[in-house]
Amino acid sequence: MSFLEKINKEKIPRHIAIIMDGNGRWAKKQGKVRVFGHNKGVETVKEITEACAKIGVDYLTLYAFSTENWKRPKREVDALMKLLVSSIKKEIKTLHDNSIRLFAIGDIASLPPKTRKELSKAIADTQHHTRMQLNLALSYSARWELTNAVRAIVEEAMSGKIKVEDIDEELVSGHLTTRGMPDPELMIRTSGEQRLSNYLLWQLAYAEFVFSPKLWPDFTSEDLYEAIYDYQNRERRFGKISEQL
Ligand code: FPP
């Protein structure tokens, strides 16, 4: 029986966050350059995005480029930025066909103008779609996001727009790049690494983590369903005890 048949369709997580890791190692195993792995990784992005839309996920957030990734060799950064542009152009039809809204979280202003332009166009062109929202985390890091939120909140408090007593969890959430979205219930990281790498630190407070040993280019929709099955069979207690649930 496949995991697609096993998962409870009534308990699909509303928001799944993924750290797509292992493109470089996948390429190295084939004796190819790292960019080859990123190219193959785009095919996985397409498969997983379509699978999530099909089973009723509302939000899918993919860590496509971290703030720290700017430190990679220039030719890899340039190749990733170019790949982003070509992938958006190539897959815009997939987004329309599946009624998927594209969105970006991160320091978008730091992206090269061409990447920014293509991204903004795709975001505008798909804004009316309602089946699922695909968030690309680009030039994103949670510490960058939280620092910006603190700055904005302090400015609002100093200008008298809000009072210090108004600062609660809801207000902080409302100052993050994911404002208005539910927190991810499930976070998947591929490639066997077991760390958060500055990803959605606030939003993942109660998420279940699934670490897959598969490298991202080898990760399939069946692996996604297995991760969801795993998530569905865990007891999420949110600090309570079993009997209270
Ligand atoms: C991690 O693998 C992957 C990335 C830093 C980039 C992910 C980008 C893509 C899958 C392609 C573009 C994305 C979209 C959304 C079109 P790694 O390079 O860190 O692999 P390694 O750990 O094996 O070196």
Side-chain angles (χ1 to χ4, degrees), residues 13-26 34 37-38 41-42 44-45 48-49 51-52 57-72 76-77 80-81 83-84 87 102-111 115 119 123 132-152 169 172-219 223-224 227-228 230-231 234 236 238:
R14 285 196 69 200
H15 189 168
I16 299 179
I18 303 185
I19 302 181
M20 313 181 284
D21 199 6
N23 293 347
R25 275 163 285 166
W26 185 90
R34 296 178 54 81
H38 296 314
V42 174
T44 309
V45 169
I48 298 306
T49 302
C52 283
V57 172
D58 292 332
Y59 296 86
L60 171 65
T61 302
L62 301 177
Y63 209 177
F65 194 86
S66 73
T67 308
E68 290 77 18
N69 286 153
W70 290 114
K71 294 180 202 144
R72 290 192 175 193
E76 183 171 342
V77 171
L80 274 167
M81 291 301 144
L83 185 59
L84 203 65
S87 305
L102 186 69
F103 193 67
I105 61 168
D107 186 9
I108 305 308
S110 68
L111 300 174
T115 311
L119 189 66
I123 290 171
M132 187 179 85
Q133 177 160 319
L134 171 63
N135 296 321
L136 295 183
L138 288 166
S139 194
Y140 173 88
S141 80
R143 288 187 176 182
W144 164 85
E145 173 181 53
L146 287 163
T147 305
N148 277 347
V150 171
R151 278 195 193 149
E169 292 188 11
V172 175
S173 294
H175 284 75
L176 302 179
T177 60
T178 50
R179 67 187 71 92
M181 306 176 202
D183 286 339
E185 298 96 327
L186 171 62
M187 194 288 299
I188 302 170
R189 181 171 190 152
T190 60
S191 91
E193 304 294 348
Q194 301 193 1
R195 51 179 178 268
L196 268 181
S197 299
N198 217 344
Y199 192 40
L200 302 170
L201 296 182
W202 174 279
Q203 298 89 333
L204 294 175
Y206 285 104
E208 293 294 329
F209 293 176
V210 171
F211 297 103
S212 166
K214 292 250 190 112
L215 301 176
W216 179 250
D218 291 329
F219 193 75
D223 296 319
L224 168 80
I228 294 174
D230 187 346
Y231 154 82
R234 292 184 191 179
R236 303 185 76 211
F238 302 99

Applying ring pair (Phe, Tyr, Trp, His ring centres under 6.0 Å), name anything that partners W202, two or more places apart in sequence or on another chain.
-> none

In this structure, CD of E193 is separated from OG of S212 (nearest 0.5 Å) by 12.0 Å

side-chain contact (heavy atoms from CB on, under 4.5 Å) assessment of L176 paired with L146 = CA-CA 7 Å; L176 302 179; L146 287 163; 3.8 Å; yes

Decide side-chain contact (heavy atoms from CB on, under 4.5 Å) for N148 and T177; before the verdict, give the C-alpha distance in whole Å, the side-chain angles of both, and the deciding distance to 0.1 Å.
-> CA-CA 10 Å; N148 277 347; T177 60; over 6 Å; no

Mind checking ring pair (Phe, Tyr, Trp, His ring centres under 6.0 Å) for H175 and listing every partner two or more places apart, or none if nothing turns up?
-> none

Smallest separation among heavy atoms of P184 and A207, with atom names = O-CB, 3.4 Å

Once you round to the nearest 0.5 Å, how far does CG of D223 lie from CD1 of I48?
-> 7.0 Å

Just grab all the salt bridge (Lys or Arg N to Asp or Glu O under 4.0 Å) pairs involving residues 140-151, residues at least two apart or on different chains.
-> none

Are the side chain of S141 and the backbone of T67 linked by a donor-acceptor contact shorter than 3.5 Å?
-> no

Could you tell me whether a side-chain N or O of T190 sits under 3.5 Å from a main-chain N or O of M20, the two making a donor and an acceptor?
-> no

Would N135 and T61 satisfy side-chain hydrogen bond (donor to acceptor under 3.5 Å, both in side chains), going step by step from the backbone distance to the final call?
-> CA-CA 4 Å; N135 296 321; T61 302; 2.9 Å; yes

Any donor-acceptor pair under 3.5 Å from Y140 side chain to L200 backbone | yes

Out of M132, H15, Q133, which one pairs with L60 under the side chain to side chain contact (heavy atoms under 4.5 Å, CB included) rule?
-> M132

Between CZ on residue F209 and CG on residue L204, distance to nearest 0.5 Å | 5.0 Å

Heavy atoms only: give me the nearest Q203-D183 pair and the separation to one decimal.
-> O-CB, 3.3 Å

Can you tell me how far the CG atom of L84 sits from the OG1 atom of T115, to the nearest 0.5 Å?
-> 6.0 Å

Would you please say whether a donor-acceptor pair under 3.5 Å links the side chains of W216 and S191?
-> no

Can you list the residues that meet the ring pair (Phe, Tyr, Trp, His ring centres under 6.0 Å) rule with F103, with sequence neighbours excluded?
-> none

Between Y199 (side chain) and A137 (backbone), is there a donor-acceptor pair under 3.5 Å?
-> no

Of all residues at least two apart in sequence or in a different chain, which pass the side-chain contact (heavy atoms from CB on, under 4.5 Å) check with R72?
-> R34, H38, N69, E76, V77

Residues S110 and S139: closest non-hydrogen pair is OG-OG, 2.9 Å

A104 versus L119, closest heavy-atom pair with distance | CB-CD2, 3.8 Å

Would you give the length of the straight line joining atom CD1 of I16 to atom CE of M187, rounded to the nearest 0.5 angstrom?
-> 12.0 Å

On a heavy-atom basis, the closest approach of Y59 and P182 is CE1-CD, 3.2 Å

R189 side-chain N/O to Q194 backbone N/O, donor-acceptor pair under 3.5 Å | no

Name all residues meeting the side-chain contact (heavy atoms from CB on, under 4.5 Å) criterion together with E208; count only those two or more places apart in sequence or in a different chain, and write none if there are none.
-> Y231, R234, R236

Reported CD1-to-OG distance for the pair I19 and S197, which is rounded to 0.5 angstrom = 5.5 Å

